[in-house]
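Both backbone and side-chain heavy atoms feed into the values below; hydrogens, waters and symmetry mates do not.
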Amino acid sequence: METVKISFKEKLGYGVGDLASNFIWAGASTFLAFFYTDVVGLTAAAVGTLLLVARVLDAFVDIGVGMLIEKTKTRYGKARPWLLWMAFPFGFAGFLLFTNPGWGEVGSLIFAYCTYLIVNIVYSGINVPYGVLNSRITQDPYDRSVLNIFRMFFAVVATIIVNMLTMPLVKTFGGGNTGWATTYGLFSGIAVILFLVCFMNTKERVQPTVVRKEVDMKRGFKALFRNKYWKQLVLLMVIFYINGGVNAGVSIYYAQNVLNDAELVGALGLAGMVPVLIGFFLIAPFIKRFGKRNVSIAGLVISMIGSCLLIIDPTSLAIVIISTVIKSFGFVPLSATLFAMLADTVDYGEWKNGIRSEGLIYSGGSFGLKAGSGIGAGLVGWILAAGGYAGSQAQQTESAIASIQFMFIYLPIILCCCMIGILMFYKLDREFPRVLADLEVIKNMKV
């Protein structure tokens with residue numbers, strides 16, 4: 001099997017791909033709902049519907065991208081060239097996302113739908129192949145986890161940068177429409193450069209073992225839905241990203257309306273991300289010793305404990321910071337292993353069904369990301385609307401504050417329970433050595 005030692009340079013090169021993605025994606029997750037309600041002037045209900053509809057519709061685009069990846073054959077491979085092709089469109093779409101044409105409520109809503117759909121479509125075109133690249137660099141399960149740790153480490157770095165610098169940069173560049181557009185124009189330019197760095201410093205090595213000719217899409221889809229672990233992980237990813245979408249979207253509302261200082265969103269972001277960065281440096285030996293599934297379950301239990309601390313005093317900044325640190329540390333194992341587990345289902349699917357379909361499998365993973373984050377973002381808007389939140393009001397009602405507290409404190413506990421329930425049925429860690437051994441026998445027979 002392709003288990004050649006991956007150099008630090010290549011791991012670093014792979015990781016900066018998610019640094020690039022999250023200069024735009026983290027900004028959209030954290031600030032877009034606020035931008036639409038408090039800068040553009042759209043209602044919370046309209047924003048919630050927009051964020052859900054656009055992401056769920058675009059989630060189906062991921063399937064199309066996965067099919068295109070399966071048919072891609074270039075000297076650079078089947079996944080890697082997409083980073084080159086889509087880097088500049090991704091940057092331009094990110095810039096458009098935070099622009100406001102000032103066309104009135106209806107015109108601005110239409111513009112928001114168009115630009116948000118474009119960003120999501122272009123994101124599919126670059127993020128699905130970026131995920132596939134993990135499974136094509138190596139088949140070593142531990143190295144896949146390490147590659148994913150590099151990826152998620154840089155995703156967190158980007159999120160910290162975006163959370164800490166967005167509001168100060170918006171203010172520095174004049175605030176309002178000009179401040180937001182200039183800030184995300186800067187972030188978009190950085191993202192383009194980083195994707196090109198990722199393209200230049202990675203290499204595809206893994207080739208199909210059982211069937212080496214092109215597989216038609218009908219057989220590919222049938223094989224996909226016979227892959228039980230893939231189905232479990234897609235559902236897990238939907239819930240994981242619902243949680244992420246809610247947490248990212250509600251943070252600025254919690255800072256502004258519960259802690260009474262919108263600029264504290266940077267401190268909350270830092271409290272949430274620094275433990276993750278530290279955790280990524282520590283988690284690899286535990287993954288190697290206990291397996292991806294087991295450490296993920298343990299981490300989710302820790303995260304639930306962190307959420308429960310907020311019940312003591314939701315308005316205390318000290319308690320909120322401590323709770324955020326514990327919650328974030330608990331999410332390290334699942335963050336570090338989720339896409340590595342998805343890569344393992346590629347080999348399991350080839351072993352089980354005789355068909356290796358990285359593009360389709362990762363398009364399902366991206367579907368989970370898009371659908372989950374879309375539902376999460378939509379829930380923020382809808383729950384705010386149900387609580388009577390109005391962006392134009394300086395003082396919110398008690399019901400609006402309660403809706404914000406529910407999303408920040410109690411909803412994460414519910415979602416963690418759901419994720420633990422799914423992981424209890426995931427047994428691929430235990431079966432994977434046999435999968436690789438059988439594929440190696442088949443490969444040697446064909447040589």
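- Among all heavy-atom pairs drawn from Phe199 and Pro81, the shortest one is CE1-CA, 4.1 Å.
- The shortest heavy-atom contact between Asn257 and Asn260 is O-OD1, 3.8 Å.
- Looking only at distances, a side-chain donor or acceptor of Tyr130 sits under 3.5 Å from a matching main-chain atom of Tyr14.
- With Phe98 as the fixed residue, the ring-ring contact (aromatic ring centres under 6.0 Å, His included) test singles out one of Tyr36, Phe35, Phe111, Phe34: Phe35.
- Distance CG/Leu19 to CD1/Ile193: 11.5 Å, rounded to 0.5 Å.
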Donor-acceptor pairs under 3.5 angstrom involving side-chain atoms of residues 40-51: please list them, not counting sequence neighbours.
{"unit_1": "Thr43", "atom_1": "OG1", "unit_2": "Ala46", "atom_2": "N", "d": "3.2"}
{"unit_1": "Thr49", "atom_1": "OG1", "unit_2": "Ala45", "atom_2": "O", "d": "3.1"}
{"unit_1": "Thr49", "atom_1": "OG1", "unit_2": "Trp382", "atom_2": "NE1", "d": "3.2"}

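- Looking only at side-chain heavy atoms (C-beta outward), Ile409 and Ile311 come within less than 4.5 Å of each other.
- In this structure, OG1 on Thr37 lies 9.5 Å from CG on Leu32, to the nearest 0.5 angstrom.
- Within the 4.5 Å cutoff, the side chain of Ile149 has no heavy atoms near those of the Lys11 side chain.
- Rounded to the nearest 0.5 angstrom, Thr345 OG1 and Leu342 CG are separated by 4.5 Å.
- Under a 3.5 Å cut-off, the side chain of Glu204 and the backbone N or O of Ala79 do form a donor-acceptor pair.
- Side-chain rings of Phe408 and Tyr253 stay apart, their centers remaining 6.0 Å or farther from each other.
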Before you tell me yes or no, could you show the steps for Asn134 and Arg151 under side-chain contact (heavy atoms from CB on, under 4.5 Å), namely the whole-Å CA-CA distance, both residues' side-chain angles and the distance that decides it to 0.1 Å? CA-CA 10 Å; Asn134 183 308; Arg151 171 184 183 172; 5.9 Å; no
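- Note: Phe195 and Phe90 have perpendicular aromatic rings, judged against thresholds of 30 and 60 degrees for the angle between ring planes.
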Kindly indicate, with the supporting measurements, whether the criterion side-chain contact (heavy atoms from CB on, under 4.5 Å) is fulfilled by Ile422 and Tyr426. CA-CA 7 Å; Ile422 294 170; Tyr426 182 83; over 6 Å; no
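- When side chains are defined from C-beta on, Val119 does not count as touching Leu96, because their heavy atoms never get closer than 4.5 Å.
- Although no hydrogens or angles enter the test, the distance criterion places a donor-acceptor pair under 3.5 Å between the side chain of Asn148 and the main chain of Ser335.
- Using cut-offs of 30° and 60° on the angle between ring planes, the pair Phe286 and Phe290 is parallel.
- At a threshold of 4.5 Å between non-hydrogen side-chain atoms, the residues Leu84 and Leu196 count as touching.
- Without hydrogens or angle criteria, Ser303 side chain to Phe331 main chain gives no donor-acceptor distance under 3.5 Å.
- Taking a 6.0 Å sphere around OH of Tyr113, one finds it holds more than 12 heavy atoms contributed by other residues, nucleotides or ligands.
- Expressed to the nearest 0.5 Å, how far CG of Asp143 lies from CD of Glu10 amounts to 10.0 Å.
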List the steps and the verdict of side-chain contact (heavy atoms from CB on, under 4.5 Å) for Phe31 and Met167. CA-CA 9 Å; Phe31 295 105; Met167 298 304 287; 3.9 Å; yes
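- The closest side-chain heavy-atom distance from Ile420 to Met304 is below 4.5 Å.
- With rounding to the nearest 0.5 Å, the separation of CG in Leu423 from OG in Ser296 is 6.0 Å.
- Summarising the local packing, NZ of Lys288 is surrounded by 12 or fewer heavy atoms from other residues, nucleotides or ligands at distances under 6.0 Å.
- Contacts of Phe339 classified as ring pair (Phe, Tyr, Trp, His ring centres under 6.0 Å), with partners at least two apart in sequence or in another chain: none.
- Here the shortest heavy-atom pairing between Pro314 and Gln405 reads CB-NE2, 3.7 Å.
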Start with the C-alpha gap between Leu259 and Leu268, add the side-chain angles, then the distance that decides, and say whether side-chain contact (heavy atoms from CB on, under 4.5 Å) holds. CA-CA 11 Å; Leu259 301 177; Leu268 294 182; 4.3 Å; yes
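- When all heavy atoms are compared, the tightest approach of Lys327 to Asn247 is NZ-OD1, 4.4 Å.
- Legend: side-chain hydrogen bond (donor to acceptor under 3.5 Å, both in side chains) pairs involving residues 312-325, not counting sequence neighbours, sorted by first then second residue: Asp313-Thr315.
- Not one N or O on the side chain of Asn22 forms a donor-acceptor pair closer than 3.5 Å with the backbone of Ala158.
- Looking only at distances, no side-chain donor or acceptor of Trp230 sits under 3.5 Å from a matching main-chain atom of Leu224.
- With sequence neighbours left out, the salt bridge (Lys or Arg N to Asp or Glu O under 4.0 Å) criterion links Arg144 to Asp344, Asp347.
- Annotation: Phe173, atom CZ; neighbour count of heavy atoms from other residues, nucleotides and ligands within 6.0 Å is above 12.
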What pairs of donor and acceptor atoms, side-chain ones from residues 272-281 against any protein atom, are under 3.5 angstrom apart with sequence neighbours left out?
none

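- Looking at Met407 and Leu384, their side chains come closer than 4.5 Å, going by heavy atoms from C-beta outward.
- The distance from the CD1 atom of Ile321 to the CG atom of Leu309 is 13.0 Å, given to the nearest 0.5 Å.
- More than 12 heavy atoms of other shown residues, nucleotides or ligands fall within 6.0 angstrom of atom OH in Tyr142.
- The shortest distance between side-chain heavy atoms of Ile110 and Val106 falls below 4.5 Å.
- Counting all heavy atoms, side chain and backbone alike, Lys203 lies closest to Arg205 at O-NH1, 3.5 Å.
- Minimum heavy-atom separation, Ser328 to Ala271: OG-O, 4.3 Å.
- Side-chain atoms of Thr115 come within 3.5 Å of backbone atoms of Ala112 as a donor-acceptor pair (strictly under, hydrogens ignored).
- In this structure, Tyr116 has no ring pair (Phe, Tyr, Trp, His ring centres under 6.0 Å) partners at least two apart in sequence or on a different chain.
- Remark: the Thr99 side chain and the Tyr184 side chain contain no N/O donor-acceptor pair separated by less than 3.5 Å.
- Using a 4.5 Å heavy-atom threshold, the side chains of Val265 and Asn163 count as separate.
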